[in-house]
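Every number for a ligand or one of its atoms is a count from 1 in the order of the listing.
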Amino acid sequence: MDCLFCSIISGDIPSTKVYEDDMILAFKDINPVAPVHTIIIPKEHIDCANGVNAENSKYIAHIFEKIPEIAKLQGIDSYRIINNCGKDAGQTVMHLHFHLIGGVEMGEKIL
Ligand code: 5GP
Ligand code: ZN
């Protein structure tokens, strides 16, 4: 399967790693929108949030268990987590991922 983020997991495409364990990988977004902009992905390929099920939801739980640590590694404890699912939401890489964004005051508006 041709997947950009699976290629980043395998090391075929380089990335700037922030955190890695046996289930997840966090790396810096190539086109950051804020001082901290990290992409967090499960090491098992899941297309998008619509593909989460009872078998693979442990990856999502693990991501959220590790988010505070991943944020702290980058010097922040206040941040926004974004997941885009599908075309209308602007998902461009079809491997489920969470954007961890911070290091700047973002205000209260979501859109
Ligand atoms: P999406 O729009 O699918 O939610 O977000 C995909 C994100 O992946 C974008 O923010 C984009 O900048 C980032 N991205 C795309 N290609 C690469 C890449 O090759 N390396 C890294 N580090 N980030 C990428
Ligand atoms: Zn993938």
Worksheet entry | side chain to side chain donor-acceptor pair (under 3.5 Å): pairs with one or both residues in residues 73-82, sequence neighbours excluded | Thr38-Gln74
Fill in: Opening angle at the Zn ion (ligand 2) [ND1, His95; SG, Cys3; to 10 degrees]
110°
Worksheet item: Under 4.0 Å from ligand 1, counting heavy atoms only, is it the side chain of Ile82, its backbone, both or neither?
Response: neither
Discussion item. Quick test: of every protein heavy atom, which one is nearest to atom 10 (O) of ligand 1, and how far off is it to 0.1 Å?
Written reply: Asp29 OD2, 2.5 Å
Worksheet item: What protein heavy atom is closest to atom 15 (C) of ligand 1, reported as residue, atom name and distance in Å?
Response: Leu4 CD2, 4.0 Å
Worksheet item: When you measure from atom 22 (N) of ligand 1 to every protein heavy atom, which one gives the shortest distance, and what is it?
Response: Lys28 O, 2.8 Å
Response to the item:
The complete set of salt bridge (Lys or Arg N to Asp or Glu O under 4.0 Å) pairs with one or both residues in residues 47-62, sequence neighbours excluded, reads none
Worksheet entry | Atoms in ligand 1 flagged as close to Asn84, the criterion being non-hydrogen separation under 4.0 Å | 1 (P), 2 (O), 4 (O)
Worksheet item: Does the side chain of His99 reach to within under 4.5 Å of the side chain of Ile40, using non-hydrogen atoms?
Response: no
Worksheet item: Given Thr92, Ile39, Ile41, which one has a non-hydrogen atom that is nearest to atom 3 (O) of ligand 1?
Response: Thr92
Response to the item:
d(His97 NE2, Ile41 CD1) to nearest 0.5 Å is 9.0 Å
Worksheet item: Should you measure from each heavy atom of Val93, which atoms of ligand 1 turn up under 4.0 Å away?
Response: 3 (O), 6 (C)
